[in-house]
Amino acid sequence: MLGFGAVRLRTDMNRLLSVLFHQGVLDEQFLQLQHLQDQSSPNFVSDVVTIYFHESEKQLRNLRNLLLDKETWDHVKLGIHLNQLMGSSSSIGAKRVRNICAVFRAAVEQNNRPACMRALEVLEHEYCYLKNKLHELFQMEQQRVLGDAVRGECKTGYFLVLSFSIALFWDSRRKIPFFLFNVFVKNWSCLDVRVPKGWSHHHNTLLPPPRHHWDGVHANDAHQVPDDAPIPDS
């Protein structure tokens with residue numbers, strides 16, 4: 001079930017990316033950003049894009065404030081904010097936002113305030129669309145990573161139970177190798193396993209039967225000892 005969910009999430013992520021590339025919202029620079037992400041930095045893309053969103057919203061506020069100031073027309077500051085927004089958009093592959101910034105800058109150079117206002121409205125709309133879609137993409141990525149972690153824990157639990165069972169079967173005296181014993185005890189609280197007969201559970205630790213319980217019993221004949229045999233006090 002979990003495996004099918006992971007496949008579905010990956011398919012949905014690829015479909016969403018394909019749509020964004022087809023619409024011209026993203027370009028190949030976003031793929032280059034993804035290639036820089038590895039196991040040492042699993043959240044690299046989302047961290048970079050989050051910084052981009054934070055800075056871009058400040059630039060958009062500054063642009064709107066400058067355009068709403070009807071007493072002055074500071075084309076220099078408008079150009080500075082637009083250049084910064086264009087550069088950061090190019091760095092993450094936000095193609096359509098970058099292109100609208102170029103149109104906006106041309107309107108600023110022509111001192112065309114109405115055209116600048118229209119460009120700003122389109123820019124804010126495209127920015128919101130980009131942010132919503134990338135947020136959706138990152139949510140699916142987080143679900144996929146969480147699913148991988150859950151599957152890994154399940155596999156670990158199955159391995160511990162299997163290893164413990166093999167150890168009991170392998171050793172006729174039911175003496176678990178020390179390294180396996182430690183691994184099992186550390187995970188005892190998360191596993192629904194009954195304590196074998198002859199063993200005791202004390203302070204979250206599995207304790208084997210007392211040594212003299214097995215005195216006089218040959219290893220090859222240990223299977224003849226009944227499971228419900230009384231255990232002498234240690």
Identify, with sequence neighbours excluded, every residue that meets side chain to side chain contact (heavy atoms under 4.5 Å, CB included) alongside [X].
| X | answer |
| --- | --- |
| Asp38 | Ser40, Ser41 |
| Thr50 | none |
| Asn65 | none |
| Asp74 | Val76, Lys77 |

Sequence neighbours left out, what passes ring pair (Phe, Tyr, Trp, His ring centres under 6.0 Å) with Tyr127? Give chain and number order.
-> Phe53

Once side-chain hydrogen bond (donor to acceptor under 3.5 Å, both in side chains) is applied, do any residues pair with [X], and if so which ones, sequence neighbours excluded?
| X | answer |
| --- | --- |
| Asp69 | Thr72 |
| Asp47 | none |
| Asn111 | Trp73 |
| Ser90 | none |

Cut-off 3.5 Å, no hydrogens considered: what does the side-chain donor-acceptor table look like for residues 17-27, sequence neighbours left out?
unit_1	atom_1	unit_2	atom_2	d
Gln23	OE1	Tyr129	OH	2.8
Gln23	NE2	Tyr129	OH	3.4
Asp27	OD1	Gln29	N	3.0
Asp27	OD2	Arg98	NH1	3.4

Tell me, which pairs form a side chain to side chain donor-acceptor pair (under 3.5 Å) where one or both residues lie in residues 113-122, sequence neighbours left out?
-> none

Could you pull out all residues at least two apart from Arg96 that satisfy salt bridge (Lys or Arg N to Asp or Glu O under 4.0 Å)?
-> Glu126

